[in-house]
Amino acid sequence: MTATGDAEQPIPHPALWGVLYRNSTPFWEAVKRHELELQRCAQCGHWLVPPRPMCPKCRSADSEWVPVSGHGTIYSWVTYHESPHPAFEVPYSVVLVELDEGVRLVSNPVDIASDELEIGMPVDVVFEDIDDDLTLFKFTRAA
Amino acid sequence: MPSIKDAAAVVGVATTGFSTDSGRTEYSLAAECIKAALDDAGLRPEDVDGIVKDVVDGIDAMYIQKAVGIDNLTYASDSRYGTLPLLNAVTAVAAGIANTVVYYRSANNASGKRAGSDFRAAKETKDESLDMIRYDFHAPFGLLTPDGAIGMAVRRYLHEFEVSAEQVGWVPVVCSEHAAKNPQAIFHDAPITLADYIDSDVVVDPLRVLDCAPDVDGAIAIVVTRAERAVDLSQPPAFVMANAQGTSTEGEQLSSYSRPQMSGLPEMGLLGDELYRVAGIGPNDISVAQLDDRFAPLVPMQLEALGFCERGEGAAFCEGGDALRVGGRLALNTNGGFLGEGFSYGTNIIEAVRQIRGTSSNQVSDAEVVLVASGAGGPADGCILRR
């Protein structure tokens, strides 16, 4: 899964556009180490997914990055049949995984065909080193 | 408590007509359309002292002033979505900041680059907005388009309420029937059948091509003035009974994935409650509505959120199509909706005005009040117009 495009103006993989929302930097640094960490309020323990600068439950600005199980179930998914970007060959699926911690992450399935996907399917996180600069987390059928 | 109820009216409307390639600048489309809406109202550009532009439009109000000959403004604002710019205009009029406000939206979304479609351009212009969630957490996995983003919620709705494509498909079928009779609608010269819908290409499973409203080129303009002035103009006024927005906990643009349930539209429920409170009427008083059919499966969800049926019964409401046709329980999108005229906010208000005036191509007899709602799957907005 590498970026392709016309020779004059290569179109980078969307993951290489860079971390834009700076609250998420620790998340992607952990993924680089093949770890899944999410932001949690240090005061009341509310998960802050997606990351944010303040806890909406207790209004504390103190947060911590905490390792999570990487185990969950498929909560929803979509399958693209028309490619929106040259880095993605169709058909491909995007899953919304609900982790055991009760929070949801967007990702891709690995080794699960689109017609095998179903809501409630147990999945585990896996990490893919795309190249030196890019590591992504994905989900495969739970062992 | 102060209220906007019946303080303002829509007195002039126009579109340039829509196409997939206008061959013109957005500036020229906007200027022509604003002049046409003022002509419709029987007003002159000199009468305008307020402008609200939709943020998709790059043409600043000052350039509109230069082209259309509007000398002085006491109110000029940017806004977005279908009826939120109307709310800006209505509140400016109700508060006495302006007498006559034009809301316009002009965009070459089909032939040009659709607003919001270029993530990398957005990256350069935006900082740490929550929208960046898309770029950090969705884009790396190829979740790159509005239909993909909302598809996650659509699948939850279909799953939780055991809704079939054969039920949802009646929304595009009825919209196509209405579009076929509306000369303004550039899509669906002839109605589609449920079989056409079922057989149509799946773009992003669970959405078919016929579920999704196509982008178009074109402009709309809507003229709002004080209620007491509205009665002396060229057209029967459409009084604004209520106009509001609704946003709710853990909301995102089409990707509210963090809320406990994704199969409903809580912001649309909030919007409906507020519209009914201000207007002093309820869903049982409404027999024609313009709902957001940018993605057809969101229509049954809106019917539930806006109180036209119970939770989980929206698809059954749509099945067979009769409830959604003219003369049915709730005539839906009598212009053909965004599925028929193309995805351009503002056309939903304009069709509601046609119903109030009695000039719709699919006229509901004695249409006293019309509900308009858009922003399904994100910040919701809407209004109730009356004769």
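Lettering of chains follows the sequences in order, A, B, ..., and the numbering in each one begins at 1. Side-chain atoms are counted along with the backbone in the values below, which use heavy atoms only and exclude waters and symmetry mates. A quick note: this is a predicted structure, and the numbers were derived from the prediction, not measured.
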K.L.:
What I'd like to find out is whether the side chain of A/W28 reaches to under 4.5 Å of the side chain of B/P140, using heavy atoms alone.
P.N.:
yes

K.L.:
Kindly indicate whether the side chain of B/E252, heavy atoms from C-beta on, has any atom under 4.5 Å from the side chain of A/P50.
P.N.:
yes

K.L.:
Give a yes or no on this: more than 12 heavy atoms of other residues, nucleotides or ligands lie within 6.0 Å of atom NZ of A/K32.
P.N.:
yes

K.L.:
Any heavy-atom pair between the side chains of B/V204 and A/T79 that's under 4.5 Å?
P.N.:
no

K.L.:
What are the two closest heavy atoms between B/R259 and A/R104, and how far apart are they?
P.N.:
O-NH1, 2.8 Å

K.L.:
Are B/F137 and A/F27 near enough that their ring centres are under 6.0 Å apart?
P.N.:
yes

K.L.:
Kindly compute the distance separating OG1 (B/T145) from NE2 (A/H85), expressed to the nearest 0.5 Å.
P.N.:
12.5 Å

K.L.:
Would you mind telling me which of B/D201, B/L207, B/D205, B/T249 has the largest number of heavy-atom pairs within less than 4.5 Å of chain A?
P.N.:
B/D205

K.L.:
Take B/H138 and A/V94 through the test side-chain contact (heavy atoms from CB on, under 4.5 Å) and record every step on the way to the result.
P.N.:
CA-CA 9 Å; B/H138 299 175; A/V94 184; over 6 Å; no

K.L.:
May I ask you to check whether over 12 heavy atoms, not counting those of B/E310, lie within 6.0 Å of atom CD?
P.N.:
no

K.L.:
Take a 6.0 Å sphere around CD of A/E64 and say whether it holds more than 12 heavy atoms from other residues, nucleotides or ligands.
P.N.:
yes

K.L.:
What distance separates B/E160 CD from A/S76 OG, expressed to the nearest 0.5 Å?
P.N.:
9.5 Å

K.L.:
Is the backbone N or O of B/L144 less than 3.5 Å from a side-chain atom of A/Y80, with the two atoms forming a donor-acceptor pair by type?
P.N.:
yes

K.L.:
For the residue pair A/W77 and B/R155, what are the closest heavy atoms and their distance?
P.N.:
O-NE, 2.5 Å

K.L.:
A side-chain contact here means heavy atoms from C-beta on lying under 4.5 Å apart; do B/S258 and A/V103 qualify?
P.N.:
no

K.L.:
Taking the side chain as everything from C-beta on, heavy atoms only, tell me whether B/M152 gets closer than 4.5 Å to A/V95.
P.N.:
no

K.L.:
How about A/F137 and B/F141: are their ring centres within less than 6.0 Å of each other?
P.N.:
yes

K.L.:
Donor-acceptor check, side chain of B/R156 to backbone of A/Y75, threshold 3.5 angstrom: yes or no?
P.N.:
yes

K.L.:
Is A/I119 close to chain B through its backbone or its side chain, or both, or neither, when contacts mean heavy atoms under 4.5 Å?
P.N.:
side chain

